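Structure first, commentary second.
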Amino acid sequence: MRETAQPGDLLDWYDAHARDLPWRVSPADRSAGVRPDPYRIWLSEIMLQQTTVAAVKSYFERFTTLWPDVAALAAAEDADVMAEWAGLGYYARARNLLKCARAVVADHGGRFPQTRAGLQALPGIGPYTSAAISAIAYDLPETVVDGNVERVMARLHDLHTPLPEAKPALTALADALTPQTRPGDYAQAVMDLGATICTPRSPACGICPWRAPCAARAAGTMADLPRKSPKKPKPTRLGIAYVAQRDDGAILLETRPDKGLLGGMLGFPGSDWSETPEPDPPLEAEWQDLGEEARHTFTHFHLRLRIMVAQVGGNAAPRRGAFHPRHSYRPASLPTVMRKVHDLAHGRLREML
DNA sequence: CATACGTGGTT
DNA sequence: TAACCAAGTAT
């Protein structure tokens with residue numbers, strides 16, 4: 001009979017191989033008594049939701065430089081925070097980030113709650129993030145279950161039930177392994193293991209601290225786990241984006257409504273996005289078809305955006321949106337799909353960039 | 001329980 | 001090129 005997986009073996013591996021991350025307190029520093037800053041742990045966990053470490057790093061550095069603590073972030077302008085989040089995706093996270101920071105300041109005296117339930121009552125903090133902050137920031141024995149943990153548990157126990165059906169069972173398995181000692185380091189260790197050794201495609205079982213007790217390794221099924229329910233095909237939607245530039249170089253942009261796709265973000269005015277979009281120019285002008293489409297894929301559909309451009313006079317009065325002065329217009333503040341529109345259109349417009 | 005919600009890297 | 005994947009949450 002194989003021996004059962006031991007949290008201690010994973011912690012030993014973590015002590016030697018923990019990744020050095022901007023928001024992380026190393027296991028050595030942690031054992032010396034250094035405590036993580038809950039603000040930085042919270043911010044990193046929100047950014048890391050469905051997002052890779054590589055993509056998060058520069059955003060984390062920028063945010064913590066601009067807003068070093070929760071009070072500073074709570075006092076920030078919405079537009080500034082949304083602009084800094086541009087490109088990272090899942091923009092509801094940024095809207096909830098601000099709501100959460102302001103709630104922490106207004107309702108909790110500027111300190112994050114120190115219980116999982118208290119954390120989970122805040123905007124943008126769900127089951128995973130509440131457990132992660134509890135464990136990592138406060139060293140509470142909460143069980144984190146993210147995609148890494150699901151994969152590691154499914155393999156360790158050779159569980160073939162497909163996700164999301166398997167989620168409760170995987171959570172129970174993860175819960176049974178969570179140690180009372182060093183739960184914060186343990187939580188980070190399982191995720192590091194999933195991110196660097198027990199990877200989705202070709203896991204490095206040969207150097208895994210849990211190779212001996214791993215049931216999927218024994219059965220040779222590790223590359224097939226966890227199983228997942230088949231995904232739906234993505235439909236293609238069409239749309240029209242309008243890029244208007246005033247003679248002084250100002251660009252017409254609109255802030256999108258808070259609800260829905262790209263909510264709260266800046267973008268070029270446009271039609272609806274559907275199979276048969278209705279033209280809807282934001283002002284009267286001689287619109288010219290750029291002749292090139294911006295193509296972009298969202299989570300659940302492909303988009304092909306036709307681009308119309310126009311140069312307009314200084315007295316142009318848009319029905320929608322507002323002109324942004326040339327010197328305050330930053331394409332980097334646009335969500336990626338809109339930045340693609342910019343990239344395609346800017347060669348056509350004299351004063352852009 | 002299913003769906004909406006971004007993006008960039010990898011295979 | 002297209003599909004898959006990443007430290008999920010809200011509704």
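Keep in mind it's a predicted model, so treat the numbers as computed, not measured. Each chain gets a letter, A, B and so on, in the order its sequence line appears, and its residues count up from 1.
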(request) Please figure out whether W23(A) or P123(A) has its closest DNA chain C nucleotide nearer the 5' end. (result) W23(A)
(request) Kindly indicate whether the side chain of R19(A) and the base of dA7(C) share any N or O donor-acceptor pair separated by less than 3.5 Å? (result) yes
(message) Rounded to whole Å, please give me the gap between CE in M47(A) and C1' in dG8(B).
(response) 16 Å
(message) Taking the minimum atom-to-atom distance to the side chain of Q50(A), which one of dT7(B), dG8(C), dC5(C) wins?
(response) dG8(C)
(request) Tell me whether the centres of the aromatic rings in W287(A) and Y242(A) are closer together than 6.0 Å. (result) yes
(message) Is there, by distance only and without an angle test, a donor paired with an acceptor across the side chain of T51(A) and the base of dG6(B) below 3.5 Å?
(response) yes
(message) Can you measure K231(A) atom NZ to dC5(B) atom C1' for me and round it to whole angstrom units?
(response) 14 Å
(message) On DNA chain C, compare the nucleotides closest to Q120(A) and D192(A); which residue's is nearer the 5' end?
(response) D192(A)
(request) For nucleotides dA6(C) and dC5(B), find the distance between their C1' atoms and express it as a whole number of Å. (result) 15 Å
(request) Ignoring hydrogens and angles, state whether a donor on the side chain of R93(A) or N96(A) is under 3.5 Å from an acceptor on the partner side chain. (result) no
(request) Please determine, for the side chain of H296(A), which listed nucleotide (dA2(B), dA7(C), dT7(B)) has the closest atom? (result) dT7(B)
(message) Is it true that S134(A) and R116(A) share a donor-acceptor pair across their side chains at a distance under 3.5 Å?
(response) no
(message) If you go through the side-chain atoms of Y90(A), does one of them form a donor-acceptor pair with the base of dG6(B) closer than 3.5 Å?
(response) yes
(message) From the set dT7(B), dA2(B), dA6(C), return the single nucleotide nearest to any side-chain atom of K228(A).
(response) dA6(C)
(message) Applying a 4.0 Å non-hydrogen cut-off, can you work out what W85(A) is touching in the nucleic acid: base, sugar-phosphate, or nothing?
(response) nothing
(request) State whether T336(A) places a side-chain N or O below 4.0 Å from either non-bridging phosphate oxygen (OP1 or OP2) of dG8(B). (result) yes
(request) Measure the distance from CD on Q49(A) to P on dG6(B) and round it to the nearest whole Å. (result) 13 Å
(message) In this structure, how many angstroms lie between the C1' atom of dT7(B) and the NZ atom of K57(A), rounded?
(response) 18 Å
(request) Quickly work out the L261(A) CG to dT9(C) P distance and round it to whole Å. (result) 20 Å
(message) Taking only side-chain N and O atoms of R339(A), does any of them lie within less than 4.0 angstrom of OP1 or OP2 on dG8(B)?
(response) yes
(request) Answer with base, sugar-phosphate or nothing: what part of the nucleic acid does I133(A) contact at a heavy-atom distance below 4.0 Å? (result) nothing
(request) For dA7(C) versus dT11(B), give the span between their C1' atoms, rounded off to a whole number of Å. (result) 22 Å
(message) Tell me the interatomic distance from L88(A), atom CG, to dA7(C), atom C1', rounded to whole angstroms.
(response) 13 Å
(request) Name the closest nucleotide to the Y128(A) side chain, picking from dC5(C), dA7(C), dA10(C). (result) dA7(C)
(request) Rounded off to whole Å, could you give me the NZ-to-P distance for the K259(A) and dT11(C) pair? (result) 6 Å
(message) Taking the minimum atom-to-atom distance to the side chain of P200(A), which one of dA6(C), dG6(B), dA7(C) wins?
(response) dA6(C)
(request) Indicate, yes or no, whether a donor-acceptor pair under 3.5 Å links the base of dG6(B) to the side chain of T299(A). (result) yes
(message) Tell me whether R19(A) at atom CZ has more than 12 heavy atoms from other residues, nucleotides or ligands lying less than 6.0 Å away.
(response) yes
(message) Tell me whether R306(A) forms a cation-pi arrangement with W273(A), defined as NZ or CZ under 6.0 Å from the six-membered ring centre and within 45 degrees of its axis.
(response) no
(message) Heavy atoms from C-beta onward define the side chain here; which of dG6(B), dC4(C), dA7(C) lies closest to that of R201(A)?
(response) dC4(C)
(message) Any base atoms under 4.0 Å from V149(A), or only sugar-phosphate, or nothing? Heavy atoms, all strands.
(response) nothing
(message) If I pick the P atom on dG8(B) and the same atom on dT9(C), what distance separates them, to the nearest angstrom?
(response) 22 Å
(message) Under 4.0 Å from OP1 or OP2 of dC5(B): is there any side-chain N or O of H300(A) that close?
(response) yes
(message) Check this for me: does any side-chain nitrogen of one of D343(A) and R339(A) sit under 4.0 Å from a carboxylate oxygen of the other?
(response) yes
(request) Determine the interplanar angle of the H296(A) and F298(A) rings, folded into 0 to 90°, and report it as parallel if under 30°, tilted if 30 to 60°, perpendicular if over 60°. (result) perpendicular
(request) Would you tell me if any nitrogen or oxygen in the side chain of R93(A) comes within less than 4.0 Å of OP1 or OP2 on dG6(B)? (result) no
